[in-house]
Amino acid sequence: MRRIPIEYAKEGDVLGKTLYNEMGGMLLKEGSNLNWYMIEKLKSYGYLSIYIKDKYTEEDIEEIIKPEVVNRIYSLQGSLNNVIRGSSNENKIDSKKVRSHVKNLNEIIKEVAYDIVSSKNVLENLASISIYDDYTLTHSLNMMMLSIVIARDIGFNMNEIKSLATGCVFHDIGKIFLPIELINKPGKFTDEEFSLVQSHTEKGYRFLTDHTDLSAVSRNISLCHHEREDGLGYPRGLKGDEIHIFNKIASISDVFDALTSDRPYRRAVPLHDAMEYLLASGGNHFDIDLIKVFSQSINVFPKDTFVHLSDNREGIVYEINSEFHTRPKIKVYGENGKKVAPYIINLKEHNNIVIEKVIHVFSFDKTN
Ligand SMILES: [Fe+2]
């Protein structure tokens with residue numbers, strides 16, 4: 001299974017992951033044979049990419065968070081949002097209902113955190129999270145998963161990981177108090193709009209403090225996930241050691257997931273480009289040591305990714321090398337634009353060859 005931009009989808013491709021609408025209802029089931037009508041329909045719904053299985057990529061990738069669990073989180077978060085939106089102002093929110101939804105959500109998050117920490121395949125599967133068209137929900141879950149993996153790899157204990165995970169799920173809760181048009185606005189914000197957007201940190205923190213029993217470190221993530229190492233972040237402009245490690249981790253996962261997700265106004269950046277960006281910004285924006293851990297923890301070339309190699313071969317990522325995941329085994333299908341009988345090459349044993357770029361179709365297939 002692999003993720004492709006929607007314009008590369010063609011009749012006969014098999015949908016790799018079930019797609020849901022914004023109400024959590026099923027739009028198209030995994031395993032559906034795509035036809036022209038369905039592809040056009042998905043485009044009209046605003047999907048920019050989908051997961052497919054085709055003749056090259058038949059194997060299923062195990063979901064880290066099972067779709068049923070995602071749906072439970074989705075519906076609880078929906079109920080929580082309704083309680084907040086249903087109140088006439090921020091002071092009239094029904095705290096009792098909020099506490100009950102947050103408590104239930106927290107129970108599921110704990111289970112999920114445990115599953116992620118104990119999953120051996122997390123490296124392979126991390127980039128295969130279901131695509132929902134509710135960006136805030138998907139983003140919160142993705143960001144939580146990435147944060148948990150970093151925390152696990154720097155040796156946090158399970159209690160710390162759970163607190164971090166909870167804080168991540170609620171990190172952008174403050175956005176619910178902002179106009180939706182502003183959150184989805186393409187292009188640049190005016191100064192006034194930007195300061196309103198920035199206020200989601202303080203609004204979220206105030207909400208969590210007033211209406212939930214979350215711990216201080218969890219709540220702090222909503223306040224501090226936009227702080228930067230160099231002090232140029234917001235809302236307080238904290239620097240380096242003034243920023244709690246949970247918030248440092250959250251800011252890395254937040255930016256990485258935002259870059260690698262489709263937005264209404266721009267397509268997702270490939271995982272390896274997003275990682276390059278983070279590595280290049282480390283020190284100014286992020287904690288450089290955490291970025292190093294992150295780059296070791298996250299596999300930017302998941303299994304089944306189509307790749308173009310520096311020696312003009314093309315193939316798919318066949319087996320991940322867990323010590324050095326930029327050098328996986330590749331099943332080669334093409335050389336110099338010509339189809340060849342498939343064979344395996346292990347990049348770990350060929351230091352002179354690198355993955356040059358991710359592609360979505362083999363060049364020898366383009367002419368067909
Ligand atoms: Fe945020």
Side-chain angles (χ1 to χ4, degrees), residues 73 77 80-81 84-85 90 102 105 109 129 132 134-148 150-151 163-209 211-212 214 216-238 242-266 268-269 274 277-278 281 284-287 290-291 294:
I73 298 176
Q77 211 153 42
L80 178 62
N81 291 356
I84 301 170
R85 289 209 183 95
E90 284 174 45
V102 168
L105 260 171
I109 294 163
I129 303 150
Y132 285 78
D134 182 315
Y135 173 72
T136 308
L137 169 80
T138 314
H139 171 60
S140 302
L141 294 185
N142 288 350
M143 188 259 202
M144 175 195 73
M145 290 172 64
L146 295 168
S147 298
I148 291 174
I150 302 176
S163 301
L164 172 69
T166 302
C168 287
V169 169
F170 295 106
H171 78 284
D172 267 346
I173 190 88
K175 285 189 176 166
I176 198 165
F177 301 109
L178 304 181
I180 188 88
E181 313 78 65
L182 184 65
I183 302 298
N184 290 328
K185 185 186 169 181
K188 281 203 157 215
F189 295 121
T190 63
D191 288 350
E192 200 183 331
E193 285 170 339
F194 190 48
S195 65
L196 194 55
V197 167
Q198 288 181 325
S199 74
H200 80 277
T201 51
E202 282 147 326
K203 285 178 189 295
Y205 179 73
R206 200 179 325 129
F207 166 78
L208 293 176
T209 305
H211 302 286
T212 75
L214 298 186
V217 277
S218 298
R219 282 183 283 124
N220 248 305
I221 293 176
S222 65
L223 184 65
C224 299
H225 64 279
H226 288 288
E227 298 289 359
R228 294 172 43 129
E229 282 301 298
D230 56 11
L232 296 177
Y234 63 85
R236 290 186 285 172
L238 300 177
E242 294 166 353
I243 308 168
H244 189 276
I245 189 158
F246 278 17
N247 304 326
K248 290 177 185 235
I249 293 173
S251 79
I252 292 172
S253 315
D254 189 27
V255 172
F256 186 79
D257 186 64
L259 287 171
T260 55
S261 301
D262 286 331
R263 302 294 289 126
Y265 44 87
R266 68 152 175 78
V269 171
Y277 170 82
L278 258 61
S281 325
N284 294 327
H285 193 149
F286 308 106
D287 181 310
L290 287 176
I291 288 286
F294 185 65

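Counting starts at 1 for both ligands and their atoms, following the listed order. Along the sequence shown, the residues carry numbers beginning at 1.
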With the threshold set at 4.0 Å, does a side-chain nitrogen-carboxylate oxygen contact exist between Glu229 and Lys248?
yes

Test ring pair (Phe, Tyr, Trp, His ring centres under 6.0 Å) applied to Phe170 - qualifying residues, sequence neighbours left out
none

With under 30° as parallel and over 60° as perpendicular, where do the rings of His200 and His226 fit, or are they tilted in between?
perpendicular

If the condition is side-chain hydrogen bond (donor to acceptor under 3.5 Å, both in side chains), which residues does Asn247 pass it with, not counting sequence neighbours?
none

Metal environment of the Fe ion (ligand 1), protein N/O/S under 2.8 Å:
Asp172 OD1, His200 NE2, His225 NE2, His226 NE2

For Ser222, give me all partners under side-chain hydrogen bond (donor to acceptor under 3.5 Å, both in side chains), at least two apart in sequence or on another chain.
none

Please verify the inter-ring angle class for His211 with Phe207; under 30° counts as parallel, over 60° as perpendicular, anything in between as tilted.
tilted

